[in-house]
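Worksheet for the structure shown next.
Everything numeric here is computed off the predicted structure, so don't read it as measured data. Residue numbers start from 1 in every chain, and the chains themselves are labelled A, B, ... in the order their sequence lines are given, proteins ahead of strands.
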Amino acid sequence: MKELPKVYQPKKVESPIYNLWLRSGFFNPDKLPGKRKKSYTILIPPPNITGSLHMGHALNSLSQDILIRWKRLQGFKTLWLPGTDHAGIATQVRVEKELKKEQKTRFDLGRKKFLKRIWQWKKKYGNIILDQLKKLGVSCDWSRTRFTMDDKYCQAVEKAFLHYCKKGWIYRGKKVVNWCPRCQTSLSDLELEYKEKKGKLWYIRYLFSDKRQATSDKKRKYITVATTRPETMLGDTAVAVNPKDKRYKNLIGKKVILPLVNREIPIIADKLVDPKFGTGAVKITPAHDMTDYEIGLLHNLKIVQVINKNGEMTKEVPLPYQGLFSLESRKKIVRDLKKQGFLEKIEGYLHQVPQCYRCKTTIELIPSWQWFLKMNDLAKLAIWAIETGKVKFVPKNFEKIYFDWLKNIKDWCISRQIWWGHKIPLKGVEDVLDTWFSSALWPFATLGWPPPSSKKEASLALKGRAQKSDLDRFYPSNVLSTDRGIINLWVTRMIFSGIEFMGKVPFKNVYIHATVLTKEGKRMSKSLGTGIDPINLIEKYGADATRFGIVYQIMGGQDIRFVEDNIVMGRKFCNKIWNASRFVLGRIGNFKFQISNFKLDSKNLTLADKKILNALNKTVKLVNKDLESFRFGQAAHKLYDFFWHDFCDKYIEMAKSQITNSKSQKKTKKILLYVLLNSLKLLHPFVPFITEEIYQRLLIKNKKKCLMVEKWPNAI
RNA sequence: GGGCACUUGGCGCAGUGGCUAGCGCGUCGCGCUUACAUCGCGAAGGUCGGGGGUUCAAAUCCCUCAGUGCCCACCA
């Protein structure tokens, strides 16, 4: 045996070990050794093809890798399926940025050339994250890598869409929708981000059209409305007050003249109006506000669109304002109102301004023709899944977010006017589907749904594989591990899609991992310069140290304040594992023990022997328990304490003297090797490289090709 | 505006009714003892955010206040 270096050198180990795993084929469930009847499946949340690895991915992938490696050791037929998401708007925006460097827009290229450009981009950069994940040591079955725009996946999307059509759940309608003037597309509510901005509240007077109408209060010649967006007043078709508001009760039904436009509009009553806000009287612009739109529908108001899809004022407005961008026209309108005496006052106002979640442009609300998916029945399915416990959230409190959204559900606007995505499979429609429509099918579209329609096709599809299809064998998956930010955007939609198309929920557990913040508690973000690149950590400390350091911090909280100190700890721990192994290997020499049959009879055991064997047993039980309930950090702490303090500090020290005694020598060696081997197994899901490297150097009988497929220790 | 969470030694965190509140990093002192100085041994350091309550007993349960992070929301 070669002498081991005193210090563990991850760089020399990681790449050869990863190649060993790849060559073994054991990432692929069909190539795993032994009889493995039960499957254990995880589908990776497909990263966007625009992305590169950040701490969130690292954290999430680690939880999944730990689970998969643990279950693989426990003898399950494990599948961890990787893949990427075409990420409609995100990718399109990314490539548009590239084009901008050449002073071009997508419209300059035209749809066909632009799409070609995106495919090129995808080919070049589409798998960056997956490649980076390999450095972390993840054990995905790369032979099953999927992309949400693979041919087969496109079929699934089309089939799902047509299925909804047949049910009559898809309809086209002209509604006020969120519109991104830069992306030139509609967006669902979930695709908005709100940013707090300092704005103003303008108080504007609308004069009564017949001054004598206000007879009860002779001084009252006008009604004042407050607005944060004065430019939309050009599209006002009513003023609304709360029916219970005494101040305005006698004005309901009267008419006012819209300043600058000179249109006569009615004063109406609607309970949606909050009497406490502003003056209690609100201008109603059905074309450019959700609430106003709803009020407009109820009161049969005319919809006057004054802002177009580029964010410019339309021909519906008086000539001086036509063609101006909305913010320019705002300035001019305020100036004109002031000049003409309609502006009562201006107040400062802090409000949440919606912006596009991909390009951060301020959203306009604009009436347009879109496709919608009726959500009533689907929402009920999703609610049912959680209420009956078919799907469980960990931590449980996230179910609230889920229910809150579902119980106030609106129909889902599924059409987008971007180019990159799944085209709506109907004639004459250029729109593509919301990227989340396709992600919603991920749990089964990746496994071969829709199933082949003929037997011939079926046998073709199964060529070279086991008899049963992946869909039969691996659906539903066991765990979905994801970020809390996409619970409704993605998780909810997978759940109802799974039930609708497969008749079964897509996964049993939804594990919501912690969000990684900086040490100061700020969000990690590249643009803020607060991001930490896991790849740098791997370079500096090694993959195992990084893994252990991160996992050590996953204690179940919603947030993790990341500190590099823990990675330092991880590195020290790896070194400890390395040296303890060096000691054991050195003392045992070339003797090959039969470890698998090693029985622990209590005769001939010293107190130290008993203690370490008991501690090992206890650790096995506790680690199992922790992992079953996704308590990754707690498991890591227990392993750390056991290995360092029980094994190294105590037992190895005792063993040094026991081993000099000819009576206890052999047993001590056996126990050293036994505890080391089992420790390696227990630690493997957390620190796979170093444990595999050491395993490869062990002299034991019945040695497996890889530690990765060894047998997880049973607690005695 | 509503909701979810968090607040424990210098820093990051465990601990969810009961021994003198633990761990990692850091700090200080002593040790290169033949697995490891990325180590060992020892030490200092906390009235568990403030206030109130329940209990024989609270970091741990309840109320309240404050700070922090996040999510949701049609106050124009």
How are the rings of [X] and [Y] set relative to one another: parallel (under 30°), tilted (30 to 60°) or perpendicular (over 60°)?
{"X": "A:W412", "Y": "A:F496", "answer": "perpendicular"}
{"X": "A:Y511", "Y": "A:F630", "answer": "parallel"}
{"X": "A:F548", "Y": "A:Y552", "answer": "tilted"}

Students often get this wrong, so: under 4.0 angstrom with heavy atoms, is [X] touching a base, only sugar-phosphate, or nothing?
{"X": "A:D649", "answer": "sugar-phosphate"}
{"X": "A:W644", "answer": "sugar-phosphate"}
{"X": "A:I295", "answer": "nothing"}
{"X": "A:E653", "answer": "base"}
{"X": "A:V273", "answer": "base"}
{"X": "A:V568", "answer": "nothing"}
{"X": "A:C574", "answer": "nothing"}
{"X": "A:Y640", "answer": "sugar-phosphate"}

Given atom [atom1] of [X] and atom [atom2] of [N], what is their separation to the nearest angstrom?
{"X": "A:I567", "N": "B:rG26", "atom1": "CD1", "atom2": "P", "result": "14 Å"}
{"X": "A:F632", "N": "B:rC13", "atom1": "CZ", "atom2": "P", "result": "19 Å"}
{"X": "A:M555", "N": "B:rA5", "atom1": "CE", "atom2": "P", "result": "19 Å"}
{"X": "A:Y552", "N": "B:rA14", "atom1": "OH", "atom2": "C1'", "result": "9 Å"}
{"X": "A:F277", "N": "B:rA76", "atom1": "CZ", "atom2": "P", "result": "4 Å"}
{"X": "A:L192", "N": "B:rC74", "atom1": "CG", "atom2": "P", "result": "10 Å"}
{"X": "A:M290", "N": "B:rA73", "atom1": "CE", "atom2": "C1'", "result": "13 Å"}
{"X": "A:L639", "N": "B:rA14", "atom1": "CG", "atom2": "C1'", "result": "16 Å"}

Inset, instruction - Determine yes or no for a side-chain-to-main-chain donor-acceptor pair under 3.5 angstrom, with A:N242 supplying the side chain and A:P275 the backbone. - result: no

Inset, instruction - Answer with yes or no whether A:K6 presents, from its side chain, a donor or acceptor under 3.5 Å of a partner atom in the base of B:rC36. - result: no

Legend entry - Polar pair under 3.5 Å, donor/acceptor by atom type, side chain A:Q553, base B:rA14: no

Legend entry - Toward the 5' end of RNA chain B, by each residue's nearest nucleotide, A:F398 or A:F573: A:F398

Legend entry - A:E539/A:K11 ion pair, N-O < 4.0 Å: yes

Legend entry - Salt bridge flag under 4.0 Å for residues A:D189 and A:K410: yes

Inset, instruction - Starting at the 5' end of RNA chain B, write a dot or bracket for each base, bracketing those in Watson-Crick or G-U wobble pairs whose two distances are under 3.5 Å and using | for partners on another strand. - result: ((((((((.[[[[.)..(...]]]].(((((.......))))).....[[[[[..)....]]]]])))))))....

Can you tabulate the close N/O pairs, meaning under 3.5 Å, that link protein atoms to atoms of nucleotides 6-9 of chain B?
none

Inset, instruction - For A:W490, check side-chain hydrogen bond (donor to acceptor under 3.5 Å, both in side chains) against everything at least two apart and list the hits. - result: none

Inset, instruction - Consider only side-chain N and O atoms of A:R484 and A:T515, and report whether a donor and an acceptor are under 3.5 Å apart. - result: yes

Legend entry - Exercise: do A:K345 and A:T224 side chains pair donor with acceptor under 3.5 Å: no

Legend entry - Test: A:K175 cationic atom under 6.0 Å from A:F372 six-membered ring centre, within 45° of axis: yes

Inset, instruction - State whether A:Y674 and A:K670 meet the cation-pi test: NZ (Lys) or CZ (Arg) under 6.0 Å from the six-membered ring centroid, and within 45° of the perpendicular axis. - result: no

Legend entry - Same-atom distance (C1') from B:rG49 to B:rA35, integer angstrom: 45 Å

Legend entry - Nearest-Å distance once atom C1' is located in both B:rU16 and B:rC48: 13 Å

